[in-house]
Structure formats: C-alpha cells, structure tokens
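Position 1 is the first residue of the sequence; numbering continues from there. Keep in mind that what you see is a predicted model, and the values were worked out from it rather than measured.
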Amino acid sequence: MAKKIPITLLCGYLGAGKTTLLNKVLTNQKGYKVAVIVNDIGEVNVDERLISKEANITDTNSILPLTNGCICCTLKSDMVTGIENLMKTGKYDYVMIEASGVCEPMPIAQAIEQIEIGKLDNVVGVVDASRLVDEFGAGDALVNTYENKDAEDAEEDIESLLIQQIEFCSTLIINKKDLVTEDQMKKVRAVINKIQPSVKVIETDHCNVSVDDIIGTDRFDFETVYASAGWVKALEEHDEHMNDHDDDDDHDEHEHHDHNPAHGEKGHKCDEHCHHHHHEHKHEGESEDEYGIGSFVYYRRRPFNRQKLDQYAAKWPRNIIRSKGVIWFSDEEEMAYVLETSGRQIQAGYSGNWLAACSKEEQEEVLAQEPEMRRDWDEKVGDRMIKLVVIGQHLDREQIEKDLDSCLD
C-alpha cells in the first residue's frame, strides 16, 4: 500500500502571521517537495502572490489558490479535489494549506480526513499574543470588522473564531510575543491552558519556528485533539472525582454532577436518534488561578425555558470565555441539545433524543449494557439533564448559577 502524503493545515485569524510562517517553512523545508493551497475570501488571493514572491517560488503550479469563499464551508469540495489532483501528479511529498483567517479548523480537518491518499499530519493554530491580551484582558478592545458587519457583530465572531482556532489544533504558535510584556504573556498562557490544556505551544516572534514543528510531525489525531479541549478536560476531571465518591447517593437538583463527555454529539444511540448521558456526583468546581481564570460545571435536572434562556443570552456575561454542554428545553422534552458559547456568540444545536424518550425495551437494553446508568437514572426525568462547563475570568459562580436558574421551568 502506498504511503499516504502528509498534510499540514495552518489556521489563525487575520494578521496572526500564517503567511509569514508558511514562507519560512517553504524557504527552509529541508528537501520536502511541498504543494501549497491558499484560501482567500476575496476575488484576488493576496496570499498566493505573497507566497510565490517571498518564498522565491518560480513554479507557481505548486500553489493552488481558492478564492471567493471559505474552505470550512463553501469551498470544501474544491479543496479536496485540488489536494487529490496535486497528489496524483507524484511531484509532491507534502501538502500545506493556509486557511482563510475566518475559517474554523474542525470542518476542514473533517474534509481532509476523507482523502484516501493523504493524511492530516498537523493542524497548526497561529495566534497574535497582543490580540489575546486585548481579548482576555480588558475584553473590550476587539473592534475590527470584516465582511461588512458592524463592530459588535464582528467582535462576537472574532471571539468565537479565536477560541475555536485555539481549541482545535495539535500545535499552537503564539506569535508576536515581542509586542507584549512578560506578565501579559503569562496571562495569555493561563488562558490558553484553560481553553486547550494539552496542545503543544510554541512562543515566538515573527513566526520563527522550526520546520520540524510544522511538517512531518505525525502529531494530529482527530479524536485526541477533539477530546483535548478545556471544557472536555473539565468534565473528565469531574468524572475522576465521581469515581472517588461512588457511595454518594444524594441527587438534590442544585448539586453539581458530571457525566462522561459525550460532547452532546457522540452518545450511545439506541436507534437513529436516542442517546444517553452519564450522571455523576457532586464536585465543587475548580479554584481560580493567579489570573482569575477558572471553571465550574452547572448541573440541573430541570429543563430550560426556551424564551427565558434566549432573553438571558442577550446579556450573557462578557467574562465567560467558553462554555459547552448538554441541555434540554421544556417544550421539547424528548430532544437533547448542545449549548455552545464562544465569547458572546451563543448557539444550541439538536444532538439527538434522550434515552428517556426511547421505548421501554430500548431503555432496558441500554441500561443492561451500561448498568452504571441505572444507578443514576431519575424516576421522573430519566437521563435528561443540563450539564454545562463554564470557563472564564473572575467568574461570579453564584450569580451565574442564579441567573441560569431563573431560566429554568
């Protein structure tokens, strides 16, 4: 079987330094024959021209520009086709993709994993240290706009993109460290450690990074990267805590329980739609670090009122950096949703049906396979629950829980 051609994906917001990093790799590639795919949302692919000029590339056939769209959505099929065509020429032993600054990395990674003759070797996130200081410092300095959006909408979108680009990568480059103080850099590290505690982090200025850290790493594994996000780690720590408290049978609705982090999207299915979620026991949450970065789990066995939650979303606390978890609504009791926030961008997506909404026969089958669920099964609501990891700075846990409680039915 032919060896699969490795692929590196570069992601990062506008101005973070992706093109600079790509050029440095191309001019110091240590013998790799690299094909490059660059994505720009405008009609003219500026990065294509910069790359060919600065990296002294004379054979521009090795550069495939994808314009007028984003490869995490409208241009995914074009990207896959382009990669496959480049690989089939036999001229290249590596592919590098520079995504548009407004791309989310996970959908691109999912598309790349469908390429049979290639493998995703590394997802590299590039972030601007000074932007992170602004974003997670005062929290009011992101005023850039793009795609004809007003400043407030743009700020929300930028926050979401920054968090997703940090959260889903196997290598994270913190660039422009020369533009911040050492104390500010310590705070940046604290924030990143809370959002993505397992990623390989490289701090630099002018994207001076070793080629060996970018290509030929064999560092990316989809499930490992997906499960390494801070919100997942928080739930895993609660699971470990639960294992030390198996005799705790108190299930008051205001205690804070945990469940295996099925991410909402990946629970067991008793048919096409039903999932289950584990329930665990009380945990008091984590204390804040020296920069005030902390997290806790909000757990309730009552549903949200959709209208009340929607109203609260409009005043979602600005110091919540990230939250994610499973929820349910009183007007759709059979359906499980995943609530996800990045900055002030809030969304809830359908994730399947609760096991409690399945037939008695299906429930018994699953409970027989996983008897630990029976121990925590609630007579009234079954496996329905709200389980939300909240990550932020100087969190007023009592007030946040009080506000969320006011949204319950």
Completion exercise
For Thr204, the side chain to side chain donor-acceptor pair (under 3.5 Å) test, sequence neighbours excluded, returns none
Practice task
Anything under 30° is parallel, anything over 60° is perpendicular, the rest tilted; go ahead and classify Phe222 against Phe220.
Solution key: perpendicular
Practice task
Please round to the nearest 0.5 Å and tell me the distance separating atom CG of Leu132 and atom NZ of Lys187.
Solution key: 11.0 Å
Problem - Donor-acceptor contact present, side-chain Thr81 to main-chain Ser77, <3.5 Å - result: yes
Handout entry: Smallest separation among heavy atoms of Glu84 and Ile117, with atom names
Key = O-CD1, 4.2 Å
Exercise for the section: Output all residues satisfying salt bridge (Lys or Arg N to Asp or Glu O under 4.0 Å) with Asp121, sequence neighbours left out; order by chain, then residue number. Expected result: none
Fill in the blank from the handout: CG (Leu388) and OG1 (Thr341) are apart, to the nearest 0.5 Å, by 7.0 Å
Handout entry: Side-chain heavy atoms of Val209 within contact of Val124, under 4.5 Å
Key = no
Completion exercise
Residues at least two apart in sequence or cross-chain that pass side chain to side chain contact (heavy atoms under 4.5 Å, CB included) with Asp409, listed by chain then number, are Pro303, Asn305, Lys308, Ser330
Practice task
Report yes or no: does Arg301 contribute a side-chain atom to a donor-acceptor pair with the main-chain N or O of Gly382 at less than 3.5 Å?
Solution key: yes
Completion exercise
Looking only at heavy atoms, the pair that brings Gln196 and Cys169 closest together is NE2-O, 3.9 Å
Exercise for the section: Kindly give the heavy-atom pair with the smallest separation between Cys358 and Gln363, and that separation in Å. Expected result: O-NE2, 3.0 Å
Problem - Min side-chain heavy-atom separation Gln110-Glu113 under 4.5 Å - result: no
Handout entry: For Glu379, salt bridge (Lys or Arg N to Asp or Glu O under 4.0 Å) partners two or more places apart
Key = none
Handout entry: Partner residues of Asn208 under the side chain to side chain donor-acceptor pair (under 3.5 Å) criterion, sequence neighbours left out
Key = Lys24
Practice task
Kindly indicate whether the side chain of Asn353, heavy atoms from C-beta on, has any atom under 4.5 Å from the side chain of Met335.
Solution key: yes
Problem - Inter- and intrachain pairs under salt bridge (charged side-chain N to carboxylate O under 4.0 Å, His left out), touching residues 164-174, at least two apart - result: Glu167-Arg322
Completion exercise
Residues at least two apart in sequence or cross-chain that pass salt bridge (Lys or Arg N to Asp or Glu O under 4.0 Å) with Asp331, listed by chain then number, are Arg306
Handout entry: Heavy-atom side-chain proximity of Leu22 to Val38 below 4.5 angstrom
Key = yes
Exercise for the section: Go through Ile112 and Ile97 one step at a time and tell me if the side chain to side chain contact (heavy atoms under 4.5 Å, CB included) criterion holds. Expected result: CA-CA 10 Å; Ile112 293 172; Ile97 303 168; 3.6 Å; yes
Practice task
Compare all side-chain heavy atoms of Lys324 with those of Ile391 and state whether any distance is below 4.5 angstrom.
Solution key: no
Handout entry: Tyr94 versus Ile214, closest heavy-atom pair with distance
Key = OH-O, 3.9 Å
Handout entry: Gap separating the CG atom of Leu404 from the OH atom of Tyr299, nearest 0.5 angstrom
Key = 15.5 Å
Practice task
Verify, without hydrogens or angle tests, whether Lys18 (side chain) and Glu98 (backbone) share a donor-acceptor contact under 3.5 angstrom.
Solution key: no
Practice task
Check the pair Val25 / Val34 against side chain to side chain contact (heavy atoms under 4.5 Å, CB included), numbers first and verdict last.
Solution key: CA-CA 10 Å; Val25 171; Val34 182; 5.8 Å; no
Handout entry: Pairing residues for Ala16 by the side chain to side chain contact (heavy atoms under 4.5 Å, CB included) criterion, not counting sequence neighbours
Key = Val126
Exercise for the section: Over 60° means perpendicular and under 30° means parallel, so classify the ring planes of Phe304 and Tyr298, tilted if in between. Expected result: parallel
Exercise for the section: Before giving the answer on side chain to side chain contact (heavy atoms under 4.5 Å, CB included), spell out for Met87 and Ile115 the whole-Å C-alpha distance, their side-chain angles and the decisive distance to 0.1 Å. Expected result: CA-CA 10 Å; Met87 288 177 171; Ile115 301 172; 4.2 Å; yes
Handout entry: OG1 on Thr171 to CG on Asn122, rounded to 0.5 Å
Key = 3.5 Å
Handout entry: Distance, nearest 0.5 Å, that separates CD1 of Ile195 from CD of Gln165
Key = 11.5 Å
Handout entry: salt bridge (charged side-chain N to carboxylate O under 4.0 Å, His left out) contacts touching residues 168-181 (sequence neighbours left out)
Key = Asp128-Lys176
Exercise for the section: Mind listing the closest non-hydrogen atom pair of Tyr312 and Cys407 along with its distance? Expected result: CB-SG, 3.6 Å
Problem - Heavy-atom side-chain proximity of Met385 to Asp378 below 4.5 angstrom - result: no
Practice task
Could I get the full list of salt bridge (Lys or Arg N to Asp or Glu O under 4.0 Å) partners for Asp183, not counting sequence neighbours?
Solution key: none
Practice task
In sequence, state the C-alpha distance, the side-chain angles, and the governing distance for Val188 and Val127, and then conclude on side chain to side chain contact (heavy atoms under 4.5 Å, CB included).
Solution key: CA-CA 10 Å; Val188 166; Val127 295; over 6 Å; no
Handout entry: For the student: nearest non-hydrogen atoms of Gly17 and Cys207, plus distance
Key = O-SG, 3.2 Å
Problem - Validation row: Gln164, Met106 side chains within 4.5 angstrom (heavy atoms) - result: no
Exercise for the section: State, without any angle test, whether Tyr350 and Glu332 hold a side-chain donor-acceptor pair at a distance under 3.5 Å. Expected result: no
Practice task
Check side chain to side chain donor-acceptor pair (under 3.5 Å) between Ser198 and all other residues, then give those that pass, not counting sequence neighbours.
Solution key: none
Handout entry: Side chain Trp354, main chain Glu334, donor-acceptor under 3.5 Å
Key = no
Exercise for the section: Decide yes or no for Lys402 and Asp396: does some side-chain heavy atom of the first lie under 4.5 Å from some side-chain heavy atom of the second? Expected result: no
Problem - Counterpart residues, side chain to side chain donor-acceptor pair (under 3.5 Å), relative to Glu182 (two or more places apart) - result: Arg189
Fill in the blank from the handout: So CE of Met185 and CG of Leu179: to nearest 0.5 Å the spacing works out to 10.5 Å
